[in-house]
Amino acid sequence: MAAFDTVEVTTDLLIIGGGMAACGAAVEAAYWAKKHNLKVALVDKAAMDRSGAVAMGLSALNQYVGMKAKGRTPEDYVHYVRSDLMGITRDDLVYDIARHVDGSVHLFEKWGLPIWKDKDGNYVFEGPWQLMINGESYKIVISEAAKNAMAQLGENGKIYERVFITEPLMDGDRIAGAVGFSVRENKFYVFKAKAVVDAMGGAVHVFRPRSVGEGLGRSWYPPFNTGSSAYFTLKAGAEMTCQEVRFIPVRFKDAYGPVGAWFLLFKAKATTALGGDYMVERRPELQNWAPYGLVKPVPANLRNYLMMLDQKEGKGPAYMRTEDAIGAIVGAVADEKERKKKLKEVESEAWEDFLDMTISQALLWAGSDIAPEQKPSEIQACEPYFIGSHSGASGAWISGPEDLQTEKSKKEYFWGYNGMATVKGLFCAGDASGASSHKFSDGSHAEGRIRAKSALAYVVDNPTQPKVDAAMVENLKKQILKPLDTFAQFKSQTDSPDINENYIRPKQFMFRLQKLMDEYAGGASTMFTTNKPALEAAIELLKLLREDSEKLAAENLHELMRCWENIHRMWQAESHVRTILFREETRWPGYYFRADKPKMDNENWKVFVNCKWDPKTNKWDVFKRDIIQIVE
Ligand code: SFD
Ligand code: AMP
């Protein structure tokens, strides 16, 4: 076995991840930890300044309730989220984030994030709930605040970067910490904690991406988030929810530039190649998805679906009519000099939208001679992603806040600590927590703050350090480092290191996973369509893949991380396949279609589908949970 030092860290609260939710958790944890003289450790697989989904920056804060500025209420936000998710949402969780999110936004501004203002000093809204920002350095601003807060704790606040967390540590039914390894030096980390906040983001590259060759890593969602959140909760034995609710964004083709600013701020329309506006021409179809199809805005999956209907009839590709939108904005200005000024202003806003968060889209525009004021740009549905914080909903099933529960919901939605999974001491935020969509970057930060506060309340109430069995840790260490040994043992038995009957390298393993998910579980190549036999075939193939995961091989630390990323993806995949198989209806056309159950069935399926893997029996359980309406 390769020589690895074991580094042991004992803390009260462990925050796993360094993204939006984790940074929010760090800020709040520092406050409560100082008050109670407790220790906090944060661990990120990357460098916090540029880690996670916000690595490149963002161009908007997508959740701003505007309680003071607009007089809106968290109830209003719950209504929006509920219909966008076709009725499947936890009112208590969405409400809780909505009542705190404005606070996070105001903190961001205080920390130096430039939010657009109009001439009267009011925030510029992109759409009803979204604020425009100059967001290239968004993540750095957020990470700096988290680091400053942790520094206030002195020796009691520690940040570990470039440490990849692989497995949870358990003491019976209580979380006891986590283990992982440095991606830069031969060090195996054992974090012992009384409570853990899981905030490792969602998952991409579970399905075969549209990008090929050198472009392979290009996807909308960041390639660094690989299903670790879901793996961690599943392996801890926690209940998951909405694992079927994947997200498929429509984006500018090939470089995945965002469309929100075009649709909402610039009021652009999209048409298919033959010129029809599918949102107008296909409107009668929305009746079939009532009541949700009839609300405004039309739910994100139905917007996708109407476009896909045109494409299925061979009317693609689809185009964002950027030239018409810019023409309309500029044309509305009467004075010629002012019109020219307006054109420059809109052009620069259009380019900045990409430069703020998807730089490669600006490069693609430049490289393919696209001037948005002159010609339209192609848009396309991406591949499926797991991102519970955006318009998907996958994640752990967590306890809600006590004060929002009704008598009925309290029995189902509350078990002691706000945001705790069904495993004691394990808290989840951001993409890691389910059924609370549309929290985006700033709502995830707010949720992280909420979680840290209740996780530390849990620590105060449960001050004993859980037991960690040394033999179990040693076993985990062997298992986690095994791919390095496998490669070292067999590498000379081939003249091509990629092809070897004794092992499989992580990239080939990932291709196998993506191919089976794409072909059997409703990927892009099947227009997101699947059915019962196809899903059953996927489960069989996943079983074989899991057997072969024992033979993963890693040449170095970086590849070792790749091995574990793909094991995490595989578990995310299995929970997804089992859940879409269980839900015998099509509720989110545009995200996926069950061709054998093509209609929405509110009578039987207006429920959550939850799942759980039992660590003792190695068996999956998939079951229904009631939706309890809390907000009228
Ligand atoms: O509009 C491990 N999102 C947008 N939100 C907005 O508010 N405005 C926008 O403009 C947004 N746009 C957008 C968005 C996302 C993406 C990918 C793009 C564009 C291209 C959504 C938000 O970004 C998202 O909701 C939040 O970031 C979610 O926060 P969180 O904390 O759940 O995830 P994270 O920020 O990605 O952080 C994850 C962290 O975990 C680390 N990590 N650490 C240790 N061990 C492991 N095994 C780990 N695995 C992962 C990561 O390094 C990271 O620190 S728009 O275009 O849609
Ligand atoms: P996007 O860039 O697609 O991630 O969108 C950013 C925000 O705008 C998200 O809150 C989306 O749900 C919302 N959005 C994008 N396009 C539309 C649209 N056509 N109608 C309503 N909301 C939209």
Side-chain angles (χ1 to χ4, degrees), residues 15-25 42-48 50-64 80 84 101 105 126-133 135 138-139 142-143 160-167 178 180-181 183 198-204 219-222 224-229 231-232 247 249-251 256-265 267-270 279 296-300 303 353 356-358 361 385 387-392 395 428-433 437-445 447-448 561 564-565 568:
I15 300 168
I16 316 181
M20 292 306 297
C23 286
L42 181 149
V43 53
D44 189 349
K45 74 189 269 195
M48 271 169 78
R50 288 281 181 194
S51 68
V54 188
M56 265 197 271
L58 294 180
S59 69
L61 302 177
N62 278 348
Q63 185 185 7
Y64 188 67
Y80 164 54
D84 203 78
V101 71
V105 169
E126 176 187 73
W129 306 103
Q130 302 85 357
L131 299 181
M132 295 302 294
I133 58 173
Y138 183 14
K139 186 66 204 300
I142 300 307
S143 143
Y160 299 84
E161 295 184 317
R162 300 196 172 89
V163 174
F164 182 84
I165 292 298
T166 42
E167 294 285 327
F181 55 90
V183 297
D198 172 357
M200 290 180 273
V204 60
S219 50
W220 170 73
Y221 196 59
F224 337 109
N225 287 353
T226 58
S228 297
S229 289
Y231 177 83
F232 195 87
F247 177 42
V250 162
R251 289 291 178 261
Y256 299 85
V259 298
W262 280 100
F263 280 133
L264 300 177
L265 186 72
K267 313 269 183 288
K269 290 201 178 347
M279 291 303 293
K296 266 183 112 177
V298 174
R303 298 198 298 267
D353 186 46
D356 266 355
M357 67 169 153
T358 319
Q361 186 72 56
Y385 307 116
I387 170 166
S389 65
H390 203 292
S391 311
C428 305
D431 292 327
S433 70
S437 323
H438 290 277
K439 47 199 168 191
F440 301 103
S441 63
D442 44 332
S444 296
H445 189 273
E447 195 185 17
M561 176 176 74
W564 283 99
E565 286 178 343
H568 291 182

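Being a predicted model, the structure only gives us computed values, none of them experimental. For ligands, and for the atoms within them, numbers begin at 1 and follow the listed sequence.
Between the side chains of Asp44 and Ser51, at least one donor N or O lies within less than 3.5 Å of an accepting N or O.
Residue contacts with ligand 1 leave out Thr166, since none of its heavy atoms falls under 4.0 Å from the ligand. Ligand 1 lies within reach of Arg251, whose nearest heavy atom is under 4.0 Å from it. Contact between Gly260 and ligand 1 is absent, with no heavy atom of the residue lying under 4.0 Å from the ligand. Contact between Phe440 and ligand 2 is present, with at least one heavy atom of the residue lying under 4.0 Å from the ligand. Using a 4.0 angstrom heavy-atom cutoff, Thr358 does not count as in contact with ligand 1.
Close contacts of ligand 2 with Phe263, meaning ligand atoms under 4.0 Å from a residue heavy atom, involve 16 (N), 19 (N). Under a 4.0 Å criterion applied to the non-hydrogen atoms of Pro297, ligand 2 contributes the atoms 21 (C). Short contacts between ligand 2 and Arg251, defined as distances under 4.0 Å to a heavy atom of the residue, involve ligand atoms 1 (P), 2 (O), 3 (O), 4 (O). Close approach to Ala199 involves these atoms of ligand 1, each under 4.0 Å from a residue heavy atom: 38 (C), 39 (C), 40 (O).
Proximity of Met357 to ligand 1, defined as any heavy-atom pair under 4.0 Å, is confined to the side chain (atoms from C-beta onward). At a 4.0 Å heavy-atom cut-off, ligand 1 does not touch Lys439 at all. When heavy-atom distances to ligand 1 are checked against a 4.0 Å cut-off, Trp564 has no atom that comes that close, whether in backbone or side chain. Counting heavy atoms closer than 4.0 Å to ligand 1, residue Ser444 contributes side-chain atoms (C-beta onward) but none from N, CA, C or O. Under 4.0 angstrom from ligand 1, there are no non-hydrogen atoms of Arg162.
Aromatic rings from Trp220 and Tyr385 are positioned such that their centres are separated by under 6.0 Å.
Taking any N or O of Ala53, backbone or side chain, at least one lies under 3.5 Å from an N or O belonging to ligand 1. Note: no N/O pair closer than 3.5 Å links Pro222 and ligand 1 by distance alone. For Phe440, a nitrogen or oxygen atom sits less than 3.5 Å from a nitrogen or oxygen atom of ligand 1, counting backbone and side chain alike. Residue Lys45 places at least one N or O, backbone or side chain, under 3.5 Å from an N or O of ligand 1. Between Met20 and ligand 1, an N or O atom pair is found at a separation short of 3.5 Å. Among the atoms of His390, some N or O lies under 3.5 angstrom from an N or O of ligand 2. The shortest N/O to N/O separation between Ser389 and ligand 1 falls below 3.5 Å. Residue Ile16 has no N or O atom closer than 3.5 Å to an N or O atom of ligand 1. Between Ala21 and ligand 1, at least one N/O pair is under 3.5 Å apart. An N or O contact shorter than 3.5 Å is missing between Ala22 and ligand 1 by distance. Checked by distance only, ligand 1 and Asp44 come closer than 3.5 Å through their nitrogen or oxygen atoms.
Tyr80 OH, 3.6 Å is the protein heavy atom nearest to atom 12 (O) of ligand 2. Nearest protein neighbour of atom 8 (O) of ligand 2, counting heavy atoms only, is Leu264 CD1, 3.2 Å. Shortest contact from atom 37 (O) of ligand 1 to any protein heavy atom: Gly19 CA, 3.1 Å. Nearest to atom 6 (C) of ligand 2 among the protein's heavy atoms is Asn62 ND2, 3.5 Å. If you check which protein heavy atom lies closest to atom 50 (C) of ligand 1, you get Met200 O, 3.3 Å. For atom 23 (C) of ligand 2, the closest heavy atom belonging to the protein is Arg303 NH2, 3.3 Å. Regarding atom 7 (C) of ligand 2, its nearest protein heavy-atom neighbour is Gln130 NE2, 3.6 Å.
The distance from atom CZ of Phe232 to atom NE2 of His568, rounded to the nearest 0.5 Å, is 9.5 Å. Note that OH of Tyr138 and CE of Met20 are 3.5 Å apart. Values are rounded to the nearest 0.5 Å.
Closest of all the heavy-atom pairs between Lys139 and Val54 is CB-O, 3.5 Å. Between Ser391 and Phe247 the shortest heavy-atom distance is CB-CE1, 3.5 Å. Here the shortest heavy-atom pairing between Ile16 and Ile165 reads CG2-CG1, 3.5 Å. A pairwise comparison of heavy atoms in Cys23 and Met48 identifies SG-CE, 3.8 Å as the closest pair. Across all non-hydrogen atoms, the minimal contact from Cys428 to Ser433 is O-CB, 3.7 Å. Annotation for Phe263 and Lys269: closest pair CE2-C, 4.4 Å, computed over non-hydrogen atoms.
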Intermediate values then yes/no, side-chain contact (heavy atoms from CB on, under 4.5 Å), Phe164 and Ser228: CA-CA 9 Å; Phe164 182 84; Ser228 297; 4.1 Å; yes
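Between the side chain of Glu126 and the main chain of Met132, no donor-acceptor pair closer than 3.5 Å is present. Formation of a donor-acceptor pair under 3.5 Å by the Asn225 side chain with backbone atoms of Gly52 is not found in this model.
Closest to atom 2 (O) of ligand 2 by heavy atom, among Gly257, Ala270, Gly260, is Gly260.
Remark: Glu565 pairs with Lys45, Arg562 by the salt bridge (Lys or Arg N to Asp or Glu O under 4.0 Å) rule, at least two apart or across chains.
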